[in-house]
Protein chains: 2
Amino acid sequence: MNIGAAAEQSNLPPKTIRYYEDIELVRPARSENGYRDYSETDVHRLKFLQRARSLGFTIDECRLLLSLYEDEHRASADVKAIALAKIEEIDRKLIELQSLRATLTNLAGNCHGDDKPNCPIIDDLAGDK
Amino acid sequence: MNIGAAAEQSNLPPKTIRYYEDIELVRPARSENGYRDYSETDVHRLKFLQRARSLGFTIDECRLLLSLYEDEHRASADVKAIALAKIEEIDRKLIELQSLRATLTNLAGNCHGDDKPNCPIIDDLAGDK
DNA sequence: GATAAAGCTTCCAGCTACCGGAAGGTCAAG
DNA sequence: CTTGACCTTCCGGTAGCTGGAAGCTTTATC
C-alpha cells in the first residue's frame, strides 16, 4: 500500500507518516520503484499512533506504548502507569490554565473597554500597584 | 545597566533578554565595551514582557500589547479585546484537556493494572471496538 | 502515443520561545 | 597578575511536524 492510502486509513497526513519513518516509529518496506509500501501491520501501528497522539501522549510515550502494544508479555500495570502519569500532567495544566483564566478575567472585568487610554490591564502588566 | 542586572530586575534570564533583542522587542544601547546597556525604560519593557508572557500571551501578542502600552492614545477596548480573545483560547484548551482527561480516566479505570498482558487501554489505542 | 495531472521521492527550511555550550573579550578583587 | 564572574557572538538543539522545491513514476485523458 502506498503512502497515500496508508494516510487515508490512518487519518494521518503523508508528511507525518514520513516523519514517523524518520524517527523510526514505523518503517515500511519499499517497492521496486522506491515507493514506501505499507503492510496491514504498519497501518495498524499508524492508527495506534494517531489515536495515542490525539490523546496527548508525546512521541516518546507513543514509542513506549507501541512497544507494549506489541509485547505479548506486557504487564497492564505498565500501560496504566503511563496513562495515570499523563492524567496527572493534564491536571497540572488544567490548574495552571484555570489560574491564568481567573487572572485574565479579573483584569478584563476591571477594564472599561472604551476608546479612552486608561486601562487596568496595561497597568497590571506594567507592574503598577 | 548590564544584562545581568536587567535580568535580575525583570526576572528574566539573560538568554531570554538577548533573544528579545534578536526579535527586536527590547533594543538596549551599547556601552563602549560592547556590553548591552539597559535603561530604566528598557527594564520596564522587560518587566512588562515577563508579566505578559507569564499570563500566556504569545510573543506577537506581547509585541502588540507593548505597542499599546506605549501608545498614549490607545483605546482600552483594544487591550481588552486581546485579553478576551486569550480567555476564549484558554477556554478552548480547557475543554480539550478536560475531554482528554475524561477519556484517559475512563480507560485507566477499566484497566486492572496487574502483571497480565490484557489491557483495555492498549485495546482502545489499537482501535479494537 | 503524447501529455498532463496526480502521486511519489529526497532534502532543506521554518515554526515557538527559548536553552546549552563553546570560544573568546572584559572587569573587579585579592 | 591571576582568578573568576560577567559579558560577547555564534551554532545547534528542543517537539512535532509542515511547506516547498526539484525531480521521479504512474495514471488518466485526448
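These numbers come from the heavy atoms of this one structure, side chains and all, not from hydrogens, waters or symmetry mates. The chains referred to below are lettered A, B, ... by the order of the sequence lines, with proteins before strands, and numbering in each begins at 1.
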Whole-Å distance, A:Glu32 CD to C:dT9 C1', equals 16 Å
Separation of atom CG in A:Leu46 from atom P in D:dC17, rounded to whole Å | 12 Å
The residue among A:Asn110, A:Leu104, A:Thr103 that forms side chain to side chain contact (heavy atoms under 4.5 Å, CB included) with A:Asn106 is A:Asn110
Is the phosphate of C:dT9, meaning OP1 or OP2, less than 4.0 Å from a side-chain N or O of A:Arg18?
-> yes
Counting only heavy atoms not in A:Glu70, do more than 12 sit closer than 6.0 Å to its CD atom?
-> yes
Would you say C:dG25 has OP1 or OP2 under 4.0 Å from some side-chain N or O of B:Asn33?
-> no
Give the rounded distance in Å between these two atoms: CD1 of A:Ile17 and P of D:dG16.
-> 17 Å
Between B:Gly4 and A:Pro13, whichever has its closest DNA chain D nucleotide further toward 5' is B:Gly4
Pairing of A:Glu89 and A:Lys86 as salt bridge, 4.0 angstrom limit = yes
Spacing of A:Asp37 atom CG relative to D:dT26 atom C1', expressed in whole Å | 15 Å
Distance test, side-chain N/O of A:Arg53 to OP1/OP2 of D:dG16, below 4.0 Å = yes
Under 4.0 Å between a side-chain N/O of A:Tyr20 and OP1 or OP2 of D:dC17, yes or no?
-> yes
Ranking B:Tyr19 and A:Ile3 by the position along DNA chain C of their nearest nucleotide, the one closer to 5' is A:Ile3
Between the CZ atom in B:Arg18 and the CD1 atom in B:Ile23, the distance rounded to the nearest 0.5 Å is 14.5 Å
Taking CD1 from B:Ile59 and P from C:dG14, how many angstroms apart are they, rounded to a whole number?
-> 19 Å
Rounded to the nearest angstrom, tell me the gap between atom CD1 in B:Ile23 and atom P in C:dG14.
-> 16 Å
Do A:Asp42 and A:Ser39 have side-chain N/O donor and acceptor atoms under 3.5 Å apart?
-> yes
Identify whether any heavy atom of B:Pro14 sits under 4.0 Å from a base atom; if not, whether one sits that close to sugar-phosphate; answer base, sugar-phosphate or nothing.
-> nothing
Could B:Arg101 and A:Asp91 be called an ion pair, given the rule that one side-chain N must be under 4.0 Å from one carboxylate O?
-> yes
Minimum heavy-atom separation for A:Leu65 to A:Phe48, with atom names?
-> O-CZ, 3.7 Å
Between A:Phe57 and B:Glu21, name the one whose nearest nucleotide on DNA chain D is closer to the 5' end.
-> B:Glu21
Is the distance from OP1 or OP2 of C:dA17 to the nearest side-chain N or O of B:Thr16 less than 4.0 Å?
-> no
Report, one pair per line, the protein and nucleotides 20-24 of chain D atoms (nitrogen or oxygen only) whose separation is under 3.5 Å.
unit_1 : atom_1 : unit_2  : atom_2 : d
D:dG20 : O6     : A:Lys15 : NZ     : 2.2

Could A:Arg45 and A:Glu21 be called an ion pair, given the rule that one side-chain N must be under 4.0 Å from one carboxylate O?
-> no
Using a cut-off of less than 4.0 Å, is there contact between a side-chain N or O of A:Arg36 and OP1 or OP2 of C:dC8?
-> no
Examine C:dT16: is either OP1 or OP2 under 4.0 Å from a nitrogen or oxygen in the side chain of B:Arg63? Give yes or no.
-> no
Using whole Å, report how far CG of A:Asp22 lies from C1' of C:dA13.
-> 14 Å
Between B:Leu25 (CG) and C:dA17 (P), how many Å, whole number?
-> 10 Å
